Structure formats: structure tokens, C-alpha cells
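Basis for what follows: all heavy atoms, side chains included, without hydrogens, waters or symmetry-related copies. Every value quoted in this text rests on a predicted model; they were computed, and no experiment measured them.
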Amino acid sequence: MKIKNILYITAVAAFGISACSLDKFPLDKETSDSYFKDAAQFENVSNTFYADLFKGPFFDEESDICFKTNLPMKIRGGKLRVVPSSGGGWEWGTLRDINNMLDNLGNCADESVRAEYEAVGRFFRAYFYFLKVRDFGDVPWYDHELSVKEHNELYKARDSRDYVMGKMLEDIDFAVAHLSTEKNLYKISKWTALAFKSRFCLFEGTWRNYHGNDGAEHDGNYWLAQAASAAKEFITTSPYKIYSTGKPAEDYMMLFASQVANSDEVILAKAYSYSLGLSHFATYNTFGQNQFAFNKKFVDSYLMADGTEFTANAGWETKEYYEEMTGRDPRLAQTMRCPGYHRIDADSLMVGDFNTSCTGYQVVKYAQSNNVLETGRWMATDNDMPIFRAAEVYLNYAEAMAERTDVNITQDDIDLSIKPLRDRVGMPNLKLADANDSPSSYMSSAEYGYPNVKGANKGVILEIRRERTIELAEEGDFRWYDLMRWKAGKCIEQNFYGMYFPGVDRGFDLDHDGQNEVWIYTKEKPADLDEKVTYNVLQVGKTITLSGKTNGYVDPHQKTQHVFDESRDYLMPLPSEDLALNKNLKQNPKWGTKKKQ
């Protein structure tokens with residue numbers, strides 16, 4: 001069994017540090033004062049931070065490009081999104097534990113151990129606050145564990161996001177300077193810190209570009225420069241690269257299907273183990289009965305294999321499955337089932353199954369071979385899940401440079417960042433001049449893309465967003481927060497469509513193998529139906545809904561709202577109980593006070 005204990009040691013429970021809220025004071029203060037004497041004790045405590053902060057979600061289910069039959073309330077929006085009474089992301093116990101460790105650094109006589117674990121603690125404090133800022137904006141900053149005498153500090157107002165981001169930057173710069181430079185799949189390093197710095201600085205820079213600066217000390221360019229600098233240092237000096245074995249038709253897929261994360265590209269992974277009762281449902285999401293699926297607008301955004309836009313082809317809107325899936329960016333066939341798909345280490349061909357995919361565009365990213373799954377465990381898998389990988393950092397660099405207005409992005413910047421991603425799958429490189437000369441009408445449309453992108457770099461920004469969405473699809477929660485920072489929440493209101501079918505009461509040979517995999521009927525099934533179809537038998541209005549009733553796109557959410565309130569939904573609501581306890585806290589704009597029942 002692989003050694004992965006870094007991420008799930010819980011020995012800290014033995015001496016009583018719990019995940020209580022900030023307003024509960026520790027009963028073990030004397031124990032903490034006598035603890036933290038050596039590296040092993042610091043490691044025991046800091047290992048819990050991995051589990052507390054890297055919880056997922058890992059599959060980006062709350063977004064406009066990947067969803068299930070039942071949409072979460074965050075996506076349905078409107079009056080269905082309400083203020084929670086408690087929780088909702090406004091939890092502070094992990095911060096108390098981080099600060100407790102940092103406060104007790106002086107217990108250890110070894111200066112090198114103190115420096116290492118101050119770096120670890122400050123990395124996780126910055127990460128903790130990033131999760132808070134991206135959800136709530138302004139939040140109270142605490143850089144030490146509060147004593148009884150400081151009880152009033154629990155009831156202070158929120159600090160500005162500008163102030164908190166500055167403190168996060170101080171923390172992460174310390175972490176970059178003092179963390180180990182050795183590669184470690186399951187433990188943070190200098191390279192994890194640089195990757196994370198590029199992530200949160202890009203978030204803040206683009207947030208300020210699209211939402212406004214609100215009189216903050218630093219504008220978007222400042223944060224984008226920080227992101228670009230961190231990303232470039234990572235790209236040019238780290239031991240990581242874009243994984244490739246020269247097999248463009250499978251390298252991207254195998255990066256996510258590996259039992260042990262690929263250490264060429266994956267900077268930090270979360271480990272799982274059947275033997276310790278730790279597993280996830282990545283493979284089940286692709287083959288199970290949860291109707292997990294991709295949106296047609298996402299499928300249409302993939303380029304052709306020659307680098308041209310699919311949506312530039314005549315009649316692209318009504319191309320059927322085989323035509324729309326053929327000759328595309330190879331990542332399409334490594335992300336969802338396309339004609340010719342077979343499971344790893346299997347021979348039988350599979351097309352999109354409407355029993356397990358509400359749009360027909362069935363996810364295969366993360367899908368493993370049956371050969372690596374334990375008998376009887378096809379629903380639960382225990383392969384590593386990437387948390388940080390080099391591809392994201394490369395994309396962060398490209399976007400940060402494209403969004404800056406104080407410097408000009410160059411083709412060299414594209415060659416450094418986007419080209420390696422496309423080289424892996426044999427795609428032509430992005431040409432900066434071409435993108436800006438002719439910005440994509442598809443990617444800039446209100447129906448499918450981002451109409452608020454402006455300026456001289458409009459074209460390349462749109463192409464980098466296309467690349468990012470495709471490369472990072474179904475990883476973590478990138479998509480939701482990308483929409484938030486781009487001020488593109490209205491993408492949630494775009495159509496949630498699936499495959500196109502030109503008619504009904506007939507069969508469809510999806511992969512052109514001479515057999516009908518799907519039969520759609522209105523009222524009566526053919527008597528000899530079993531001989532006519534091998535996969536899905538679907539009845540209009542009952543097991544399938546089409547946008548045009550008897551033809552059109554599969555429309556699983558035709559009667560389900562998915563709306564976004566521009567005046568409210570870019571930030572999350574603070575819980576009503578916390579507002580009642582602390583009168584200095586103010587609710588985020590436009591959120592009411594109704595409690596969730």
C-alpha cells in the first residue's frame with residue numbers, strides 16, 4: 001500500500017485541539033503550552049489542516065457547465081437561496097487551531113523547526129482566509145488565538161478585503177521563502193505556496209478589474225502582477241512540468257485516472273485509502289446513476305483539432321452527436337464519452353448513456369479501469385485527487401498577463417504558458433495577434449459566453465478563458481469562482497442543454513457502428529423495439545425532454561429555474577445567528593434575514 005499518511009493523521013485529537021468556533025475558548029491551554037516541543041508534534045497538528053481545508057468539492061458540480069438532474073440551490077438561485085441560520089462557510093475553528101500552533105512556536109528550541117512550521121501555519125492561514133474572502137468579501141482578520149482578556153475582539157466588525165488580502169500576501173511570501181523546495185505529493189512545499197499565490201492573486205486582480213476597486217490601496221494590476229510573478233517563478237524554476245509521454249490521445253486522461261498522482265505535474269494531492277476507510281466517488285460520477293453530465297455550450301466551446309472554432313462551421317447548432325464529437329481537441333474525448341470510447345483496459349465501446357447522464361454528454365474524466373478497483377467497490381475509489389497541478393499555474397500566468405493594463409502580453413508569454421498545454425494533446429498553439437484581431441463571437445456572446453470582456457486584449461482573454469474552462473473542467477470548484485471573479489454570473493442563466501435530436505419516433509446510431517444506441521418515441525413503442533436499439537429507450541415528456549417538444553436539444557432543466565441575481569449573488573450571506581450574536585457584523589448586500597428551514 002502506498003504511504004499517504006500525511007493527509008489523514010488525526011493524532012492531534014489526543015491532546016484536545018478541536019474544531020470549535022472562535023467564541024469557545026480552549027480548555028487545554030496548559031497542554032498546548034507544554035506541547036509543540038519538536039517537529040513530530042508540529043507535524044501531528046498541521047496534518048489536520050490538510051483535512052480541514054482541502055475538503056473539496058472535487059467535481060465542480062455547482063456550475064453552468066457540469067450538473068446533475070437535481071440542481072443545487074446555489075445554481076437554482078432566486079428566492080430558493082436563503083440566509084442560513086448557521087454555517088454556510090462562516091466557520092472559524094480551523095483558524096483557531098492554526099493560530100494556536102503559530103502562537104506556540106516558542107515552545108520549540110530548534111530554530112529550523114520553528115521556521116518550517118511558521119511557514120506551514122502561515123500557508124494554511126492564507127489558504128483559510130482565501131476561502132473566506134472569495135465567499136464573503138470583507139472578513140475579520142485574526143492572527144493569533146484570542147485570550148479571555150481579548151473576548152471583545154470576537155465581536156469586532158469585518159476588516160476590509162484589501163487589508164485581509166495584504167495580510168494573506170505577507171503570510172504566503174513568508175511560506176514561499178521558508179518552505180522546503182523538495183517535491184512531495186502529500187505535503188506543501190515552496191512550489192505549493194507559489195502555485196497558491198498565483199491562484200489567489202489572480203482571483204483578487206480579476207475581481208478588482210471586473211467588480212471595481214472600491215478605493216482599495218492596490219488596483220487589479222497590482223494583484224495581477226503578483227500572480228504573474230509567482231506563476232512565472234514556478235514555471236521557470238520549479239521541478240514540475242506539463243506531463244506528457246507523447247500520447248496526445250490519452251496523456252490528459254491518464255493524468256486523472258492514475259492511482260497515484262503523477263508527480264511530474266501534480267504539486268499537491270489528497271490521498272485516499274480503502275484500508276483506512278477513505279474513498280471518493282470520482283468513478284461513480286461517470287458510471288453511476290446520478291445523471292452527472294456536461295452542458296452543450298461547454299462541448300461547443302472545444303476547438304477543432306486544427307485550432308479553428310467548431311462554432312465557425314455551418315450548421316454547428318444542429319450537428320448530431322457523431323458529427324459534433326469528431327475531429328475536435330483531443331481533450332474532449334478524454335473528458336467525456338465520444339464515439340470510439342472504451343473504458344481503460346476494456347474493449348467494449350460505450351456512448352453517452354441517458355440512464356447515467358442527463359444530457360447525454362457523459363463524464364469520463366477520473367474514470368479508472370476496473371482492474372484497479374477492489375471487488376465490490378466500483379462506487380467508491382481511493383486514487384489520489386489533485387489539489388494543485390502545474391497546468392493551473394500556467395493558465396494563471398497567461399490570464400494575469402492578458403488582464404493587465406500596465407504591461408502588454410506577448411506571444412512569448414503565450415508560448416510559455418498555453419503552448420505546453422496544447423502540445424500535450426497535439427493542438428496548434430494560440431496565436432496572440434490572431435485572437436485579438438478576430439475575437440470569438442461565440443465566446444463573447446451573451447448566449448454562450450462573456451459579453452463584458454472589453455479592450456485590446458479581448459480576443460486573447462476569451463481564448464484563455466476557453467482554455468482554462470476546458471483544461472480544468474470538473475476539478476475542484478474552479479468554474480463557480482471563475483464566474484464570480486469575472487463578474488459573469490449570468491452564465492448560470494444560459495441554456496442547460498444536451499445532445500441535439502432532429503426528430504422522434506426513430507432510432508439514432510450515435511457512433512455510426514450500424515446499430516441504434518438510442519430510440520426516442522412519443523406514444524407507442526415499436527413491437528420489435530428490442531431488435532432496434534441497444535442502449536436507451538426514451539419517451540418524450542417522461543424520460544426525455546426536448547427543447548422543441550418533438551425535436552431539438554435534450555433539455556433536462558426545462559422546468560427548473562437557474563437564475564443569478566447580479567446585485568446579490570457574487571457574495572455569500574453571513575449566517576443569521578452570527579449577525580444576532582455580533583451586532584458589528586453587517587450582512588452582505590441584498591441578502592435578507594430569512595432562515596433556512
- Query: For K197, what residues pass the salt bridge (charged side-chain N to carboxylate O under 4.0 Å, His left out) criterion, not counting sequence neighbours?
  - Reply: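 For K197 the salt bridge (charged side-chain N to carboxylate O under 4.0 Å, His left out) partners, ignoring immediate neighbours, are D173.
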
- Message: I'd like to check the salt bridge (charged side-chain N to carboxylate O under 4.0 Å, His left out) partners of E463; sequence neighbours left out, ordered by chain and number.
- Response: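 Only R466 meet the salt bridge (charged side-chain N to carboxylate O under 4.0 Å, His left out) criterion with E463.
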
Looking only at side-chain N and O atoms, does [Y] offer a donor or acceptor that is under 3.5 Å from a partner on [X]?
X: E150; Y: H144; result: yes
X: W486; Y: E399; result: yes
X: D413; Y: T410; result: yes

- With F59 via ring pair (Phe, Tyr, Trp, His ring centres under 6.0 Å) - residues at least two apart: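 With neighbours one apart ignored, the set is Y366.
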
- Which residues satisfy the side-chain hydrogen bond (donor to acceptor under 3.5 Å, both in side chains) test with H280, sequence neighbours excluded?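 With neighbours one apart ignored, the set is T381, N383.
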
- Message: Just to verify, what does S189 make a side-chain hydrogen bond (donor to acceptor under 3.5 Å, both in side chains) with, not counting sequence neighbours?
- Response: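 Result, side-chain hydrogen bond (donor to acceptor under 3.5 Å, both in side chains) vs S189: T192.
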
- Sole residue of V139, L579, D135 in side chain to side chain contact (heavy atoms under 4.5 Å, CB included) with L574: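 Of V139, L579, D135, side chain to side chain contact (heavy atoms under 4.5 Å, CB included) with L574 is met by L579 alone.
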
For a 4.5 angstrom cut-off between non-hydrogen side-chain atoms, does [X] reach [Y]?
X: L395; Y: E467; value: yes
X: V363; Y: T335; value: no
X: T48; Y: Y50; value: no

- Parallel, tilted or perpendicular, as decided by the 30° and 60° cut-offs, for the rings of F196 and F130: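 It falls in the perpendicular class, over 60°.
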
- Query: To the nearest 0.5 Å, how far apart are CZ in F136 and CZ in R134?
  - Reply: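 Taking CZ in F136 and CZ in R134, the distance rounds to 10.5 Å.
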
- Message: Name the residue from R485, K487, E403, H211 that meets the side chain to side chain donor-acceptor pair (under 3.5 Å) definition with T206.
- Response: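 The option that passes is R485.
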
- Query: For residues 388-408, which residue pairs qualify under ring-ring contact (aromatic ring centres under 6.0 Å, His included), counting only residues two or more places apart or in two chains?
  - Reply: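 Those involving residues 388-408 do not exist here.
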
- Side-chain donor or acceptor of K183 paired with backbone N/O of S263 under 3.5 Å: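 Indeed, once roles are kept as given, a pair shorter than 3.5 Å links the two residues.
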
